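The structure appears right after this line, and notes come after that.
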Amino acid sequence: MRPFSYVRAGDARTAIALVRARPDSAFLAGGTTEVDLVRQDVLRPGLLVDINDLPLDGIEDLPDGGLRIGALARMSDVARAPGVIERFPVISQALVLGASAQLRNMASMGGNLCQRVRCSYFRDPASPCNKRDPGTGCSALDGVNRGHAVLGTSDHCIATHPSDVAVPLTALDAVVHTSGPGGERAIGIDDFFLLPGDTPQREHPLEHGELIIAIEVPGAPVARRSVYLKFRDRQSYEFALASVAAAVRIEDGAVAEVRLALGGVGTRPWRARRAEAALLGRPASAASFADAAREELAQARPRPMNAFKVELAQRAIVRALTTLTDGER
Ligand SMILES: Cc1cc2nc3c(=O)[nH]c(=O)nc-3n(C[C@H](O)[C@H](O)[C@H](O)COP(=O)(O)OP(=O)(O)OC[C@H]3O[C@@H](n4cnc5c(N)ncnc54)[C@H](O)[C@@H]3O)c2cc1C
Ligand code: SF4
């Protein structure tokens with residue numbers, strides 16, 4: 001680990017200016033990603049700007065039934081907020097199924113969206129990795145890639161996006177609000193997570209020194225009946241091999257409205273738009289759910305070690321939808 005400077009900023013403007021002033025600086029929130037990577041010599045910041053004094057930890061109910069979650073709200077506080085549990089159970093469940101109780105008490109929502117991939121080659125400075133050192137190659141392509149992505153991959157990177165809560169946020173069209181040198185802006189979640197393409201080192205459209213200030217989730221009555229299912233090698237303290245966030249409304253036995261997103265299988269939280277389109281107007285039956293799941297995963301590009309994820313993700317979609325529509329089919 002290399003020596004670095006540390007400063008605690010008292011307001012957003014100062015924090016942004018401090019980070020902007022040095023190309024080797026970064027924001028520090030809960031530190032549960034950043035500090036690990038500094039310790040492992042994967043990240044080598046010259047300056048860490050602690051943003052924990054900024055007043056960005058609110059969780060507000062919005063007039064349209066939506067939510068505004070401050071970037072520094074802790075995962076555990078969001079998971080137990082009454083408005084989240086009541087109107088967006090899928091968000092609460094995804095948070096509770098992530099990390100551990102201790103980590104959730106430290107980890108912020110802004111940091112969660114910006115957490116780095118769990119690919120073991122990325123986290124080993126001795127291994128070639130295009131995301132860590134652009135142009136060096138991707139060790140995972142022909143290496144140990146059982147946990148890697150099958151959707152949205154490129155020849156330059158196949159790392160899975162690790163966040164759980166980003167999956168329901170993607171299904172629910174959340175918007176990321178930022179403040180930066182050019183002022184404030186709102187970034188739709190679809191545009192917030194970039195596909196690796198040939199620039200896997202670029203994960204978000206954020207400029208250096210652009211601070212996430214809040215995440216807004218628009219009101220969505222469909223989300224009252226929603227669920228997050230997570231499948232992994234062990235039941236706690238583990239990242240998803242496949243996960244699904246689902247919300248559905250049934251009318252006269254047919255699917256009238258549906259939101260679906262996948263985790264653990266994509267290079268970004270994966271909105272399952274093909275499956276959504278295939279489901280609309282179809283009978284709420286196990287057969288329709290299985291057809292839609294197949295349609296979504298038809299675009300998968302598995303490698304021999306992670307080919308099982310194609311079937312797993314399909315089963316996850318079917319399980320989530322059958323769970324939600326039990327009694328209506
Ligand atoms: C052992 C372990 C298990 C885990 N398991 C899971 C899991 O199952 N599911 C899951 O979803 N996550 C899991 N995590 C990841 C954890 O949720 C993240 O590390 C955490 O959410 C990051 O938040 P933080 O506040 O600690 O961010 P930091 O570590 O402080 O920051 C992370 C990154 O975000 C940047 N950043 C932070 N805040 C802002 C902001 N407001 N604006 C712009 N940039 C910002 C930082 O500069 C840094 O690059 C796990 C982590 C660990 C260590
Ligand atoms: S999958 Fe991505 S993060 Fe992992 S080694 Fe390849 S380029 Fe690096």
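This structure is a prediction, so every number in the text was calculated from the model and none was measured. Indexing begins at 1, ligand by ligand and atom by atom, following the structure's order.
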Joint cluster assignment, Phe231 & Phe289, ILVMFWY side-chain distance < 4.5 Å: yes
Ligand 1 contact on Glu238 by region, counting heavy-atom pairs under 4.0 Å: backbone
Using 30° and 60° as the class boundaries, would you call the ring planes of His161 and Phe193 parallel, tilted or perpendicular? perpendicular
Yes or no: does His156 have any heavy atom under 4.0 Å from an atom of ligand 2? yes
Check Asp36 with Arg116, please: is the shortest side-chain N to carboxylate O separation under 4.0 Å? no
Contact check: Thr33 vs ligand 1, nitrogen or oxygen atoms, below 3.5 angstrom: yes
Ion pair present between Glu238 and Lys230, side-chain N to carboxylate O less than 4.0 angstrom? no
Judged by non-hydrogen atoms, does Arg116 sit under 4.0 Å from ligand 1? no
Does an N or O anywhere in Gly110 fall below 3.5 Å from an N or O of ligand 1? no
Arg118, any N or O under 3.5 Å of ligand 1 N or O: no
Between Ile212 and ligand 1, does any nitrogen or oxygen pair lie at a separation below 3.5 Å? yes
Test of understanding: given a 4.0 Å heavy-atom threshold, classify the contact between Ala166 and ligand 1 as side chain, backbone, both, or neither. neither
Between Gln115 and Asn112, is any side-chain donor less than 3.5 angstrom from a side-chain acceptor? yes
According to side chain to side chain donor-acceptor pair (under 3.5 Å), does anything in residues 242-270 pair up with another residue at least two apart or in another chain? List the pairs. Tyr228-Ser243, Arg249-Glu251, Arg249-Glu257, Trp270-Glu296
Evaluation steps, salt bridge (Lys or Arg N to Asp or Glu O under 4.0 Å), between Arg13 and Asp11: CA-CA 6 Å; Arg13 186 182 293 221; Asp11 59 80; 5.6 Å; no
Please say whether Glu210 places an N or O atom under 3.5 Å from an N or O atom belonging to ligand 1. no
If you have a sec, work out which protein heavy atom is nearest atom 48 (C) of ligand 1 and how many Å separate them, to one decimal? Glu34 OE1, 3.0 Å
Which residue, Leu72, Thr14, Ile213, forms the side chain to side chain contact (heavy atoms under 4.5 Å, CB included) with Leu54? Leu72
One residue to check: Gln115. Relative to ligand 1, which of side chain, backbone, both or neither has a non-hydrogen atom less than 4.0 Å away? side chain
Walk me through whether Asp77 and Arg104 qualify under salt bridge (Lys or Arg N to Asp or Glu O under 4.0 Å). CA-CA 8 Å; Asp77 292 332; Arg104 294 194 294 272; over 6 Å; no
Top protein contact for atom 20 (C) of ligand 1, by heavy-atom distance: Thr32 OG1, 3.2 Å
Quick one: nearest non-hydrogen protein atom to atom 46 (C) of ligand 1, plus distance? Phe27 O, 3.1 Å
Protein N, O or S atoms lying under 2.8 Å from atom 4 (Fe) of ligand 2, listed by chain and number: Cys119 SG
Does the pair Arg132 and Asp124 meet the rule for a salt bridge (Lys or Arg N to Asp or Glu O under 4.0 Å), with working shown? CA-CA 10 Å; Arg132 182 176 20 80; Asp124 167 21; over 6 Å; no
Could you list which atoms of ligand 1 come closer than 4.0 Å to a heavy atom of Leu211? 40 (C), 41 (N), 42 (N)
Is Glu210 salt-bridged to Arg185, going by a charged N under 4.0 Å from an acidic O? yes
Does any N/O atom on Asp36 come nearer than 3.5 Å to any N/O atom on ligand 1? no
Protein residue, atom and distance nearest to atom 37 (C) of ligand 1, heavy-atom basis: Gly111 CA, 3.6 Å
Lys230 contact mode with ligand 1 (heavy-atom cut-off under 4.0 Å): side chain
Out of Ala26, Cys114, Ala12, Ala240, whose heavy atom is nearest to atom 33 (C) of ligand 1? Cys114
Residue, atom and distance of the protein heavy atom nearest atom 1 (C) of ligand 1 read Tyr237 OH, 3.5 Å
Roughly how far, to the nearest 0.5 Å, is OG of Ser25 from CG of Leu48? 8.5 Å
Just to confirm my output: which protein heavy-atom neighbour is closest to atom 28 (P) of ligand 1, and how far is it? Gly31 N, 3.5 Å
To the nearest 0.1 Å, how far is atom 2 (C) of ligand 1 from its closest protein heavy atom, and which atom is that? Leu103 CD1, 3.4 Å
Within the 4.0 Å heavy-atom cut-off, what Leu56 brings close to ligand 1 is neither
If the contact criterion is a heavy-atom separation under 4.0 Å, does Ile51 count as touching ligand 1? yes
Could you check whether Asp190 pairs with Arg273 (Lys NZ or Arg NE/NH1/NH2 to Asp/Glu carboxylate O, under 4.0 Å)? yes
Could you tell me whether Gly30 and ligand 1 have an N or O pair separated by under 3.5 Å? yes
Protein residue, atom and distance nearest to atom 13 (C) of ligand 1, heavy-atom basis: Phe239 CE2, 3.4 Å
Could you check which of Leu48, Asn112, Asp164, Leu113 puts a non-hydrogen atom nearest to atom 17 (O) of ligand 1? Asn112
Is any NZ, NE, NH1 or NH2 atom of the basic residue among Glu216 and Arg68 found under 4.0 Å from an Asp or Glu carboxylate oxygen of the other? yes
Look at Arg8 together with Asp53 and state whether they make a salt bridge at an N to O cut-off of under 4.0 Å. yes
So, Asp291 and Arg282, do they make that salt bridge, N to O below 4.0 Å? yes
Is there at least one pair of N or O atoms, one from Ala29 and one from ligand 1, spaced under 3.5 Å apart? yes
Looking only at heavy atoms, is any part of Leu72 under 4.0 Å from ligand 1, and if so is it the side chain, the backbone, or both, or is it neither? neither
Just distances here: any N/O of Ala99 and N/O of ligand 1 closer than 3.5 Å? yes
Report yes or no: does Met109 have a heavy atom closer than 4.0 Å to ligand 1? no
Salt bridge flag under 4.0 Å for residues Asp155 and Arg301: yes
